[in-house]
Amino acid sequence: MDRSESLLTAPTAGSPATDPAPAPAPEPVRTTAPPPAEPPRRDPRWTRPALLGLLLATALLYLWGLGASGWGNAFYSAAVQAGSESWKAFFYGSSDAANSITVDKTPASLWLMALSVRVFGLSSWSILVPQALLGVASVGVLYAAVRRWYGPVAGLLAGAVLAVTPVATLMFRFNNPDALLVFLLVAAAYATVRAVETASTRWITLTGALVGLGFLTKMLQAFLVIPVFAGVYLLAAPTGFWRRIRQLLLSGLAVVVAAGWWVAIVELVPASARPYIGGSQHNSILELTLGYNGLGRITGDEEGSVGGAGRMGGGGGGPFSGQTGLLRMFDTEVGGQISWLLPAALILLVAGLWLAGRAARTDRTRAGLLLWGGWLLVTGLIFSFMSGIFHAYYTVALAPAVGALVGIGSTLLWRARTTPAVGGQPAPGRWYRFAATVILAGALAVTAWWSWHLLGRSADWYPWLRTAVLVVGLAAAALLVLAHRLPRRVAPVLLALGAAAALAGPVAYSLQTAATAHTGAIPSAGPFVQGAFGPGGRGGFPGGGRMPGGMEFPSGQFPGFPGGGTGFPGGPNGAGQNGATAPGGGSPQFPGGGRSPGGGMGGLLDAREPSAELKALLEADADDYTWVAATVGSNNASGYQLATREPVMPIGGFNGSDPSPTLAQFQRYVTEGRIHYFIGGGGFRANGGSNASAEIAGWVAENFTAQTVDGVTVYDLSSGKQG
């Protein structure tokens with residue numbers, strides 16, 4: 001075995017890369033399967049420097065120029081600012097320090113960012129750096145999880161693929177909850193690996209606790225991996241069946257405790273003593289969990305949301321969801337985010353299971369493939385067919401599984417094609433080694449072709465790269481098939497060429513993503529893609545006003561969308577189909593569309609920086625009021641709040657469709673002198689929900705005199721002047 005081959009072997013039992021406890025006696029295996037290789041007992045000397053280099057490169061990619069994105073998603077940044085000012089807002093995840101309403105997620109990701117802001121002060125860096133560090137940690141933990149059973153080369157490949165997946169680069173430089181969710185799930189997978197090795201109660205319980213913390217980060221999405229982790233442990237843990245069942249029940253209890261303590265507190269505290277639960281229609285965290293952020297995402301029945309299945313002509317997935325179906329992960333909207341190595345991961349998963357053959361129940365090779373393959377298939381299929389709101393950046397949850405399968409599968413196939421006779425057993429048959437070679441070469445060729453196709457969706461962006469990836473990738477694949485006829489020293493060159501071709505596309509996309517500022521609620525990685533929604537998170541609807549699902553916006557109908565317009569179909573002034581309204585007055589508006597006729601500054605998906613004149617107006621006598629202003633929609637409010645560092649009430653929550661506050665409550669706040677100004681514009685309601693924000697906006701317009709400050713309509717609620 002030459003040096004290039006030995007680098008790809010897996011660690012043996014008793015080495016530092018494995019648990020010291022002995023494995024049970026294996027069950028009989030088929031004689032055609034390759035026997036285990038005899039690797040060195042310790043990792044090669046280059047392992048630690050290579051890992052350090054990978055982590056440093058990842059840190060550079062995720063941290064360089066991080067402050068260019070400003071507040072990122074201002075919806076969450078405002079909540080972070082509030083949590084840095086009020087421990088009550090910190091605990092509940094309130095949008096404002098006066099605790100009028102929470103964000104529409106559980107608050108764990110906000111806790112890390114708010115703690116950073118408390119230590120370093122409020123800035124873009126203090127908010128975003130924890131996210132980038134979570135990305136570096138995720139790469140490191142994924143390496144550790146894969147290395148334990150498959151060796152350092154597999155671990156390094158897995159970590160590298162995760163690091164340069166474009167959607168991972170995007171989300172680890174952004175302040176959505178997905179960064180913490182990915183880290184917790186990768187850590188849970190590592191704990192599962194450790195648990196399977198020795199049937200460890202401690203480790204499988206930790207798995208449950210980490211998944212429970214994932215729920216406190218992004219609710220039910222964290223639970224998608226539970227059946228996979230539990231199934232792998234039930235299959236492969238080296239202990240009796242009923243002990244495995246008892247351990248899994250204990251792990252399930254850990255999930256409930258880790259996820260449920262915060263939910264129990266929120267449910268038990270009287271509604272009058274806590275903020276309203278944003279995203280719910282009845283001020284209930286359980287409703288939010290099971291409805292808007294739960295089953296509603298699957299069925300599309302999300303009361304109070306913008307979109308959902310077939311809403312607004314979305315055609316199956318809603319205007320923010322795209323088309324559902326088996327190929328959703330490869331379509332124009334999603335493909336460039338996650339799918340670069342997805343075909344290879346699927347091919348290598350099947351090939352790895354073939355190599356495992358009829359192995360013993362406790363076989364780790366098969367267990368690891370089922371762990372990461374199950375994660376990829378279960379989560380990917382749910383993302384593909386969910387009819388509720390779906391955004392392309394959700395697919396960052398697939399990146400660790402794709403990386404692990406690429407690292408594991410490539411290593412297994414390379415080892416299968418080069419394994420000699422060991423331990424008195426005959427070497428695998430020539431056909432077996434040839435099949436492994438062809439599969440590995442085929443996976444590389446498919447990856448090169450798919451990268452060529454994805455790069456073609458941005459045909460004007462470095463067109464030479466597209467050709468280079470295809471030529472180098474196909475050449476490396478062809479040479480790989482013929483490698484047995486070439487000098488042994490050619491093997492490292494083939495490995496380098498194959499890796500370069502496979503990773504060139506995602507690396508280029510990731511570098512472009514890191515070099516581009518991203519703001520708003522729906523960021524996207526990579527360069528402009530014709531027909532996709534919101535490239536790079538820069539707002540707007542490219543491709544002539546086309547949204548996912550094929551909905552077109554004819555010129556002259558939709559203000560704030562490409563082409564401009566005068567209102568939604570079915571009624572003037574923002575009243576239209578499916579009960580769509582712009583509660584803050586005037587027509588609804590999305591990013592990139594300027595100010596709405598109602599005089600608002602921000603929009604549904606983005607926030608704007610107020611002028612110095614408007615900022616000074618809001619800051620005047622701020623200490624005399626609980627809220628310096630109120631306005632419809634959380635993003636509209638967040639721009640004012642982040643500029644002034646003072647509480648601004650987001651009427652109706654994110655969409656302006658939550659009944660918080662009701663008209664009667666708002667009138668009481670005004671009577672008590674707790675709100676200084678009402679700012680027009682903002683918000684959007686298109687799928688049921690409360691009319692409270694529209695009622696409040698109408699009441700203010702009828703009873704108070706409007707003034708215009710730098711193009712924004714403002715009502716002084718303390719003036720007492722009736723309209």
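All values derive from a computational prediction rather than experimental measurement.
- Between Gln131 and Ile127, the shortest heavy-atom contact is CG-O, 4.0 Å.
- For the pair Val628 and His676, the tightest heavy-atom approach, listed with the atom from each and the gap, is O-CB, 3.3 Å.
- In summary, the side chains of Arg674 and Thr626 do present a donor paired with an acceptor at a separation below 3.5 Å, with no hydrogens or angles considered.
- Remark: Glu646 CD to Gln81 CD distance equals 8.5 Å, nearest 0.5 Å.
- Taken from NZ in Lys105 to CG in Asn293, the straight-line distance is 4.5 Å, to the nearest 0.5 Å.
- Side-chain atoms of Gln281 and Ser690 form no donor-acceptor pair, as typed in the model, at a separation below 3.5 Å.
- Between the side chain of Ser69 and the backbone N or O of Thr519, no donor-acceptor pair lies under 3.5 Å.
- In this structure, Asp331 and Val334 have side chains that are in contact, with non-hydrogen atoms separated by less than 4.5 Å.
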Full working for side-chain contact (heavy atoms from CB on, under 4.5 Å) between Leu184 and Val211: CA-CA 7 Å; Leu184 290 170; Val211 172; over 6 Å; no
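- For the side chain to side chain contact (heavy atoms under 4.5 Å, CB included) criterion with Ser77, the lone passing option out of Val117, Leu128, Leu110, Asn175 is Asn175.
- Residues Ser100 and Trp627 meet the side-chain proximity criterion, which asks for heavy atoms closer than 4.5 Å.
- Within the cation-pi definition used here (under 6.0 Å to the ring centroid, within 45° of the axis), Arg328 does not qualify as a partner of Phe385.
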Full working for ring-ring contact (aromatic ring centres under 6.0 Å, His included) between Phe704 and Phe678: CA-CA 10 Å; Phe704 294 88; Phe678 178 87; 9.3 Å; no
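- Looking at heavy atoms from C-beta onward, Tyr669 lies in side-chain contact with Pro661 at the 4.5 angstrom threshold.
- Donor-acceptor pairing under 3.5 Å is lacking for the side chains of Tyr276 and Asp658.
- Trp262 places a side-chain N or O within 3.5 Å of a backbone atom of Phe91 that can act as its donor or acceptor partner.
- Taking both residues in full, the closest heavy atoms of Phe666 and Ile675 are given as CE1-CD1, 3.6 Å, listed atom of the first, atom of the second, then distance.
- To the nearest 0.5 angstrom, Asn99 atom CG is 5.0 Å from Lys88 atom NZ.
- Scanning all heavy atoms of the two residues, the minimum distance from Ser693 to Gly656 falls at OG-O, 2.6 Å.
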Intermediate values then yes/no, side-chain contact (heavy atoms from CB on, under 4.5 Å), Val225 and Val378: CA-CA 7 Å; Val225 298; Val378 171; over 6 Å; no
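- Note: Phe223 and Phe215 have parallel aromatic rings, judged against thresholds of 30 and 60 degrees for the angle between ring planes.
- With contacts defined as side-chain heavy-atom distances shorter than 4.5 Å, the pair Arg297/Tyr292 qualifies.
- Side-chain N/O atoms of Arg274 and Asn283 include a donor and acceptor closer than 3.5 Å.
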Trace of the side-chain contact (heavy atoms from CB on, under 4.5 Å) decision for Asp96 with Val648: CA-CA 6 Å; Asp96 59 280; Val648 175; over 6 Å; no
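- In plain terms, the two heavy atoms of Ser95 and Gln641 that are nearest each other are O-NE2, 2.9 Å.
- Nearest heavy atoms, Ala397 versus Thr379: CB-CG2, 4.5 Å.
- Considering OG1 of Thr705 and CG of Asp716, their distance stands at 9.5 Å, rounded to 0.5 Å.
- Once rounded to the nearest 0.5 Å, the distance linking CG of Asn636 with CZ of Phe75 reads 13.0 Å.
- Contact of the Ser126 side chain with the Arg118 side chain is not registered, since no non-hydrogen atoms from C-beta on lie closer than 4.5 Å.
- Between Phe390 and Tyr394, the ring planes are perpendicular. Angles over 60° get that label, and only those under 30° would be called parallel.
- Val714 is listed as a side-chain neighbour of Leu617, based on a closest heavy-atom distance under 4.5 Å.
- Pro650 places a side-chain heavy atom less than 4.5 Å from the side chain of Ile101.
- The backbone N or O of Gly711 sits nowhere less than 3.5 Å from a side-chain atom of Thr708 that would complete a donor-acceptor pair.
- Remark: of the listed residues Leu185, Leu216, Leu112, Leu112 is the sole one forming a side chain to side chain contact (heavy atoms under 4.5 Å, CB included) with Leu180.
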Residue pair Leu295, Leu290: steps toward the side-chain contact (heavy atoms from CB on, under 4.5 Å) verdict: CA-CA 6 Å; Leu295 296 178; Leu290 299 176; 5.5 Å; no
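- Looking only at side-chain heavy atoms (C-beta outward), Tyr76 and Asn176 come within less than 4.5 Å of each other.
- Leu224 CG to Gln221 CD: the interatomic distance, rounded to the nearest 0.5 Å, is 6.0 Å.
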